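Working notes for the structure below.
Being a predicted model, the structure only gives us computed values, none of them experimental.
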Amino acid sequence: MLGPVILAASRSDRMRRLISAAPVTKQVVDRFIPGETVDEILPIVRELTDNGLELTMDVVGEDITTPEQAEAARDAYLELIDRLKPLGLGERAEMSVKLSMFGQALSGGHELALANVRPVVEAAAEIGTTVTLDAEDHTTLDSMFAIHEALRKDFPRTGCVIQAYLFRTEEDARRLAAAGSRVRLVKGAYKEPAEVAYQQKHEIDKAYVRILRTLMEGEGYPMIGSHDPRLIAIAQELARTAGRKLDEYEFQMLYGIRGDEHLRLAAEGHRMRVYTAYGTDWYGYFMRRLAEKPANLRFFARSMISRG
């Protein structure tokens, strides 16, 4: 099982330095993270939307150690929103945020994260779009859900993410599958202990289907975060069984993975949203992409060998 090893490496400063220094790394990272600045990412936004796709945009970075860094993360999102405004994309380009970037792990972090993320949600609403709160490791989730609930009082389309591998998620899904909610379901990409999370792929897949059924049968708006062809087919069948129209749910996939499938689903009339990350602090995001799927790791290894 290489996934847990890679996730452990994502927290290692030594591995960060080693991988960041490798000459081939940037070329491989570009597959998943197509830019470091807003100027670099805007042409990608135009290209994807011109092809009938939608986006959720993530300014990468998680290792926040000071309130000033949290404020800088807030300002990076505000800059992005300001630059998106003239494009008039509305909810075709939304934001995804990790509350760790907004100071959640610092002293007084819950209040600090809420204070920093609220201006981003407000600015997104002003240009006709919204924000989804990403799920991180299980110790942060009670705070994330509380912030989500607080934001929805003024901005009811604020979304959140739930992770199929956590035991708690089936109960969370039942609570969240209410009118007006927007919920992205993913398998999960953090190293979690057996006390709180399924460890085997088949267990995670079965939990994913159970949770997705709850969301599809509920009154909210499900967002299917998966590249798994079998789960995508199951999602389509669950949507049909629940009597959902094509605009009453959406698929979400990562930039750089299964691009042909993005276009196929969009051509069939599905809402297909591409999770598009950018920024300079890419290491943690990149390592989780490697851990999620062996094919991603093989791609990286082949690139390292071919450039060696």
Side-chain angles (χ1 to χ4, degrees), residues 54 56 91 94 96-99 130-153 155-190 192-254 265 268-273 275 292:
E54 304 182 20
T56 184
E91 64 179 21
E94 67 162 35
S96 282
V97 304
K98 289 180 173 59
L99 292 175
T130 188
V131 171
T132 294
L133 307 183
D134 274 329
E136 301 182 70
D137 75 79
H138 76 279
T139 65
T140 69
L141 295 185
D142 286 340
S143 171
M144 185 273 280
F145 285 130
I147 290 174
H148 175 244
E149 183 177 352
L151 291 170
R152 286 199 69 210
K153 291 177 182 177
F155 305 96
R157 288 190 54 75
T158 304
C160 70
V161 176
I162 56 177
Q163 302 168 103
Y165 66 173
L166 294 176
F167 300 151
R168 64 172 289 170
T169 300
E170 291 188 59
E171 181 179 346
D172 289 330
R174 287 190 289 269
R175 173 176 54 83
L176 291 164
S181 68
R182 298 174 65 258
V183 182
R184 180 197 303 150
L185 174 62
V186 300
K187 290 185 180 182
Y190 291 82
E192 297 286 12
E195 291 78 18
V196 301
Y198 298 109
Q199 304 295 309
Q200 301 300 317
K201 180 181 183 301
H202 72 277
E203 294 177 323
I204 298 169
D205 286 352
K206 288 192 291 186
Y208 193 103
V209 174
R210 291 194 301 269
I211 296 162
L212 184 56
R213 180 178 288 110
T214 296
L215 296 178
M216 287 292 189
E217 293 176 351
E219 299 181 64
Y221 181 78
M223 301 180 283
I224 302 106
S226 178
H227 306 94
D228 187 326
R230 179 171 170 270
L231 291 180
I232 291 166
I234 290 172
Q236 291 173 305
E237 181 58 33
L238 290 174
R240 283 192 291 268
T241 301
R244 285 184 176 265
K245 300 176 182 177
L246 292 181
D247 62 353
E248 293 178 338
Y249 63 97
E250 69 182 47
F251 292 99
Q252 296 192 3
M253 299 186 192
L254 297 170
L265 288 168
E268 290 181 356
H270 292 285
R271 296 190 69 179
M272 174 62 231
R273 193 177 298 273
Y275 191 107
E292 282 173 349

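Of all heavy-atom pairs between Asp134 and Ser96, the closest is OD2-CB, 3.7 Å. What you find for Asp205 and Lys187 is that their closest heavy atoms are OD1-NZ, 3.0 Å. Taking every heavy atom of both residues into account, His148 and Thr158 meet most closely at NE2-O, 3.0 Å. Ala207 and Tyr198 make their closest contact through CB-CE1, 3.7 Å (heavy atoms, listed as atom of the first residue, atom of the second, distance). Minimum heavy-atom separation, Tyr249 to Arg244: CD2-CB, 4.1 Å. Summarising the geometry of Ala164 relative to Ile204, their closest heavy-atom pair is CB-O, 4.1 Å, with the distance given to 0.1 Å.
Crowding of Glu248 atom CD: a count of heavy atoms from other residues, nucleotides or ligands under 6.0 Å exceeding 12. No more than 12 heavy atoms of other residues, nucleotides or ligands lie within 6.0 Å of CZ in Arg230, so this atom counts as exposed by the packing criterion.
When side chains are defined from C-beta on, Met253 counts as touching Ile232, because their heavy atoms get closer than 4.5 Å. Val161 places none of its side-chain heavy atoms less than 4.5 Å from the side chain of Gln252. Side-chain contact between Thr140 and Asp137 is present, with heavy atoms from C-beta onward closer than 4.5 Å. Taking 4.5 Å as the limit, every side-chain heavy atom of Cys160 sits out of range of all side-chain heavy atoms of Arg152. Asp172 is not listed as a side-chain neighbour of Leu166, based on a closest heavy-atom distance of 4.5 Å or more.
Taking the centre and axis of the six-membered ring of Phe145, the NZ or CZ atom of Arg175 falls inside the cone set by 45° and 6.0 Å.
Of the inter-residue distances, the one linking Ile224 atom CD1 with Leu231 atom CG reads 10.0 Å to the nearest 0.5 angstrom. Between the OG1 atom in Thr214 and the CD atom in Glu170 there is a gap of 7.0 Å [rounded to 0.5 Å]. For the atom pair Leu141 CG and Leu133 CG, the distance stands at 11.0 Å (nearest 0.5 Å). The NZ atom of Lys206 sits 13.0 Å away from atom CD1 of Ile211, with the distance rounded to the nearest 0.5 Å. Taking CD1 from Ile234 and CG from Leu212, the interatomic distance works out to 8.5 Å, rounded to the nearest 0.5 Å. We find the NE2-CD distance between His270 and Glu250 to be 12.0 Å, quoted to the nearest 0.5 Å.
When His138, Gln163, Gln199 are each tested for a side-chain hydrogen bond (donor to acceptor under 3.5 Å, both in side chains) with Glu192, only one passes: His138.
For Arg182, the side-chain contact (heavy atoms from CB on, under 4.5 Å) test picks out Glu94, Thr130, Thr132, Arg157, Tyr221, Met223, with sequence neighbours left out. By the side-chain hydrogen bond (donor to acceptor under 3.5 Å, both in side chains) test, Glu54 is found to be paired with Arg271, Arg273, residues two or more places apart in sequence or in another chain being considered.
Salt bridge status for Glu171 with Arg168: absent, with no side-chain N to carboxylate O gap under 4.0 Å.
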